[in-house]
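Input: a single structure, listed below in structure tokens.
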Protein chains: 2
Amino acid sequence: MATIAREAGVNPGSLYHFFESKDHLLLGVLEFGLGYLGPAVMEPAEARAADPVDRVFALLQGYRDHMEREHCCMGCPIGNLALEISDHNAKARALVHENFENWVARVASWLEPDTRMPTTVDRRRLARFVLTVMEGGLMQARAAGHLGPFDEAVDVLRDYFMRLGTPANAKTHRHTSPRAKRRRR
Amino acid sequence: MATIAREAGVNPGSLYHFFESKDHLLLGVLEFGLGYLGPAVMEPAEARAADPVDRVFALLQGYRDHMEREHCCMGCPIGNLALEISDHNAKARALVHENFENWVARVASWLEPDTRMPTTVDRRRLARFVLTVMEGGLMQARAAGHLGPFDEAVDVLRDYFMRLGTPANAKTHRHTSPRAKRRRR
DNA sequence: GTCTATATATTGATAGAC
DNA sequence: GTCTATCAATATATAGAC
């Protein structure tokens, strides 16, 4: 609470005017996330690519850029909370879940109209898989202190999409570009 | 510290005879993990399946069983610490990374001799991808409160292995068995 | 090495003036 | 609504007897 107050430039006691407790503030953060996702995370990816699969990799690139700006700290705030929140905090847990479902639904809506993938491919399941790979990749990148593990995971995911019949646009192949040679590991 | 002492059945002060501080105890936990992984996690999977790919899914099944026993709480202790530990705690972070590398190296050693996958498939990268999917899947399962998201992620991963030319043994297809019908979602 | 007791620091929350 | 001051609770760590 003290850190939040300091970062916000307010006095410690003032937070309690808006949130009746530490727990309520956490719920406020998670509710904020629900509205933040669209404008701050999904819309930029939608603006950068129209193709369904390119959009997915533009989204992942957005997380990568953020992680790089933070020097491999932080990662995904919702993912961090997912593993930090006690299993007994039902309300917070439900909101983390809702944030994930929100993410999955948006990405699934991109993949649904794709005509290259067989119709037997469950778009929602595939969208969830993208989230799975993103969160697992960021976790390892944070532990490693560099983006190598995240890039590797995205590479394999791209290979999978290719095998589903939907090669991603070459522009999203950042890891195979000359610049990538400078990467650690 | 109080919780650990209580669970261990010792008095709060006694912990400080073995660990000079809270931080040192955390390092001790992570060092313990390095030796715990083989006997407690990898060897059971190795005993259950000889085939490289079946072993991978036996390993994932082991995490699933553990998660189910805990009623979808806890998940992977190393993964939890990976996102909970401060980015400034360099020693702890390095040990989390070492735990992950340990995991990846062991799984890669299973995949290396596989003759069905093209030799162009980077075994170590694939092993890391398995860890990525496992951690991302457990994270979402913990948030959801049920194993649905984990099972979905494993399903997609199995599909990927199949497309690489290495279908997993039917016995590991727990999600498509009649029992799976009882699953939520 | 373990116990009881306690010191010290940090954190969560409140009170009341402005 | 914000500020200063401060309370109460919790958590980390230490001391000294046994």
Side-chain angles (χ1 to χ4, degrees), chain A residues 1-36 40 70-71 73-99 139 142-143, chain B residues 1-36 39-40 70-71 73-99 139 142-143 145:
Chain A
M1 297 297 277
T3 306
I4 291 168
R6 178 166 40 77
E7 292 285 315
V10 302
N11 295 305
S14 299
L15 291 178
Y16 289 89
H17 180 69
F18 299 96
F19 302 97
E20 68 178 270
S21 72
K22 183 186 172 182
D23 281 345
H24 283 79
L25 189 146
L26 171 62
L27 298 181
V29 167
L30 289 168
E31 276 158 15
F32 172 81
L34 294 175
Y36 181 81
E70 303 278 348
H71 301 96
C73 297
M74 184 92 86
C76 167
I78 303 297
N80 294 345
L81 291 174
L83 298 194
E84 196 161 346
I85 289 171
S86 160
D87 284 301
H88 303 105
N89 191 342
K91 280 190 186 172
R93 198 144 287 278
L95 276 166
V96 169
H97 179 58
E98 208 177 327
N99 270 278
M139 177 192 288
R142 213 176 146 204
Chain B
M1 295 298 277
T3 305
I4 290 168
R6 178 166 40 76
E7 293 284 315
V10 302
N11 295 304
S14 300
L15 291 179
Y16 288 89
H17 179 69
F18 300 95
F19 302 97
E20 67 177 272
S21 72
K22 183 186 172 182
D23 281 345
H24 283 79
L25 190 146
L26 171 62
L27 298 181
V29 168
L30 290 167
E31 276 158 17
F32 171 82
L34 295 175
Y36 180 82
E70 302 278 349
H71 300 96
C73 296
M74 184 92 86
C76 168
I78 303 298
N80 294 346
L81 291 175
L83 298 193
E84 195 161 347
I85 289 171
S86 160
D87 284 302
H88 303 105
N89 191 341
K91 281 189 185 172
R93 198 143 286 279
L95 276 166
V96 169
H97 179 58
E98 207 177 328
N99 270 278
M139 176 192 288
R142 214 176 146 205

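Excluded from the calculations below are hydrogen atoms, water molecules and symmetry mates; all remaining heavy atoms, backbone and side chain alike, are included. All values derive from a computational prediction rather than experimental measurement. Here is how names work: the chains are called A, B, and so on, in the same order as the sequence lines, proteins then strands, and each is numbered from 1.
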Inter- and intrachain pairs under salt bridge (charged side-chain N to carboxylate O under 4.0 Å, His left out), touching residues 8-19 of chain A, at least two apart: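 Found none.
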
Sorted by first residue and then second, give each salt bridge (charged side-chain N to carboxylate O under 4.0 Å, His left out) pair with at least one member in residues 2-15 of chain B; sequence neighbours left out.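 Sorted pair list comes back empty.
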
Quick one: side chains of residues 76-83 of chain B, donor-acceptor pairs under 3.5 Å with protein atoms, not counting sequence neighbours, listed by atom name and distance.
residue : atom : partner  : partner atom : Å
B:Asn80 : OD1  : B:Arg142 : NH1          : 3.4
B:Asn80 : ND2  : B:Met74  : O            : 2.7

Nucleotide interval of DNA chain D bounded by contacts with chain B (heavy-atom cut-off, under 4.0 Å):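 Range of nucleotides touched by chain B: D:dT12 to D:dT14.
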
If we ignore hydrogens and angles and just use 3.5 Å, is the side chain of A:Arg93 paired with the main-chain N or O of A:Ile85 as donor and acceptor?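 Flag set: sc A:Arg93 to bb A:Ile85 pair under 3.5 Å.
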
Quick one: closest heavy-atom pair of B:Asp87 and A:Cys73, and the distance?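 In terms of heavy atoms, the two residues are closest at OD2-CB, 3.2 Å.
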
Apply side-chain contact (heavy atoms from CB on, under 4.5 Å) to A:Glu84 and list each qualifying residue two or more places apart in sequence or on a separate chain.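 Expected list: B:Glu84.
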
Partner set under side-chain contact (heavy atoms from CB on, under 4.5 Å) for A:Ser86, not counting sequence neighbours: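 Once residues adjacent in sequence are excluded, the partners of A:Ser86 under the side-chain contact (heavy atoms from CB on, under 4.5 Å) criterion are A:His88.
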
Report the distance from atom OH of A:Tyr16 to atom C1' of C:dA13, rounded to the nearest whole Å.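 Taking OH of A:Tyr16 and C1' of C:dA13, I get 5 Å after rounding.
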
CG of A:Leu25 versus P of C:dT11: gap in Å, rounded?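 Rounded to the whole Å, the gap is 15 Å.
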
Under 4.0 Å from any atom of DNA chain D, heavy atoms only: list the residues of residues 3-15 of chain A that qualify, in numerical order.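 Hits under 4.0 Å, by residue number: A:Asn11, A:Ser14.
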
Contact list for DNA chain D against residues 80-88 of chain A - heavy-atom distance below 4.0 Å: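 Those residues: none at all.
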
Side chain to side chain contact (heavy atoms under 4.5 Å, CB included) assessment of A:Asn89 paired with A:Leu26: CA-CA 11 Å; A:Asn89 191 342; A:Leu26 171 62; 4.0 Å; yes

Side chains of B:Val29 and B:Leu25: does their closest heavy-atom pair fall under 4.5 Å?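 Counting from C-beta outward, B:Val29 and B:Leu25 do come under 4.5 Å.
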
Tell me which donor-acceptor pairs under 3.5 Å the side chains of residues 14-22 of chain B have, and how far apart each pair is, sequence neighbours excluded?
residue : atom : partner : partner atom : Å
B:Ser21 : OG   : B:Asp23 : N            : 3.4
B:Ser21 : OG   : B:His24 : N            : 3.2
B:Ser21 : OG   : B:His24 : ND1          : 2.8

